[in-house]
Amino acid sequence: MSRILFVTSSPRGGASLSTKVATALVDRLQAQSPGATVVRRDLAAQPLPHIGEDFVAAQALPAEARSPAQQAALTLADTLVQELFAADVIVIASAMINFGLASTLKSWFDYLMRAGVTFRYDETGVHGLVTGRKKVYLVEAYGGVYSDGPYKPFDFHEPYLRHVLGFIGLTDVETIAVEGVAYGPEAAEKAVAGALDKVSTITAQAA
């Protein structure tokens, strides 16, 4: 049985194009894998608190020495990590905001990036610990066109996402871009249609 972790982060709610396309993708993956379960993390509707002193301190303390607030911060992080490890497929819907990703999605990664838990260092370098046959789909929405042309150097969105995912061991990453949506309704409609066409070609992996 496939387990899908579906992470959304757009502050636009029901108007979000990244969420619209990503939802179509999740629906397709579910249809191809009867019995698949979906865990949804809507980081815009239910934002995670930014990491703070309690979370940082809790990682260095034994359980009996943690304050209730420190334990709560670490318990939240453990829950997010467990969701990631349990997933066979991760679908992340993310819109570029000011050349990068939403702070809500950044907070999610801040809880996940934990030495000794999702990655480790040794004398040969860094090793991601989130391994196995996990597939990641990035559904990305852009107001402009950043895949090519003069604005490509200003895309700090996809490179960051690919880097942090690869850092923890998630290297099988496929991108579905919805570009140029700020160029007017016709451009947005065309971009969504193109992204949905790509979604229609995706085949679920066997768990």
Side-chain angles (χ1 to χ4, degrees), residues 1-11 13 16 18-19 22 26 36-98 100-140 156-173 207:
M1 181 183 296
S2 294
R3 294 171 296 276
I4 302 170
L5 177 58
F6 182 20
V7 181
T8 58
S9 57
S10 173
S16 167
S18 62
T19 301
V26 171
T37 58
V38 177
V39 173
R40 173 78 180 268
R41 275 280 168 188
D42 187 338
L43 300 174
Q46 295 180 306
L48 301 168
H50 290 157
I51 62 169
E53 184 178 354
D54 287 330
F55 173 69
V56 174
Q59 296 180 81
L61 293 172
E64 63 274 11
R66 296 175 194 144
S67 71
Q70 290 168 343
Q71 185 58 54
L74 199 60
T75 297
L76 172 59
D78 288 342
T79 297
L80 298 172
V81 168
Q82 289 163 8
E83 289 176 353
L84 185 68
F85 272 104
D88 301 300
V89 177
I90 300 104
V91 177
I92 301 173
S94 178
M96 176 189 275
I97 298 178
N98 297 323
L101 63 162
S103 64
T104 52
L105 184 56
K106 175 63 164 56
S107 290
W108 184 68
F109 279 110
D110 287 341
Y111 281 106
L112 295 179
M113 307 293 288
R114 294 168 59 190
V117 179
T118 54
F119 67 91
R120 66 177 176 85
Y121 288 106
D122 63 19
E123 63 278 0
T124 65
V126 65
H127 303 274
L129 300 178
V130 188
T131 56
R133 297 179 61 195
K134 295 184 186 295
K135 176 78 176 186
V136 181
Y137 294 99
L138 297 177
V139 180
E140 303 172 313
F156 305 105
H157 181 261
E158 183 173 335
Y160 175 85
L161 289 171
R162 285 185 173 272
H163 175 74
V164 293
L165 289 167
F167 195 84
I168 61 176
L170 295 168
T171 56
D172 187 358
V173 180

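This is a predicted model, so every value here is computed, not measured.
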Heavy-atom side-chain contact between [X] and [Y] under 4.5 Å:
{"X": "Glu140", "Y": "Leu161", "answer": "yes"}
{"X": "Val164", "Y": "Met113", "answer": "yes"}
{"X": "Val39", "Y": "Arg3", "answer": "no"}

Minimum heavy-atom separation for [X] and [Y], please, with both atom names.
{"X": "Lys106", "Y": "Leu101", "result": "N-CD1, 3.9 Å"}
{"X": "Ala77", "Y": "Tyr111", "result": "CB-CD2, 3.7 Å"}
{"X": "Ser94", "Y": "His157", "result": "OG-NE2, 2.7 Å"}
{"X": "Thr171", "Y": "Gly166", "result": "CG2-CA, 4.2 Å"}
{"X": "Ala69", "Y": "Asp54", "result": "CB-OD2, 3.3 Å"}

Donor-acceptor pair, [X] side chain versus [Y] backbone, under 3.5 Å?
{"X": "Ser9", "Y": "Ala93", "result": "yes"}
{"X": "Lys134", "Y": "Ala87", "result": "yes"}
{"X": "Arg120", "Y": "Leu129", "result": "no"}

- ring pair (Phe, Tyr, Trp, His ring centres under 6.0 Å) filter on Phe119, not counting sequence neighbours, yields Tyr121, Phe167
- Task: Identify which one of Leu5, Val130, Leu80 satisfies the side-chain contact (heavy atoms from CB on, under 4.5 Å) criterion when paired with Phe85.
- Result: Val130
- Query: Given the rule in the side-chain hydrogen bond (donor to acceptor under 3.5 Å, both in side chains) test, do His127 and Asp122 qualify, once you have shown the distances and angles that lead to the verdict?
  - Reply: CA-CA 8 Å; His127 303 274; Asp122 63 19; 3.0 Å; yes
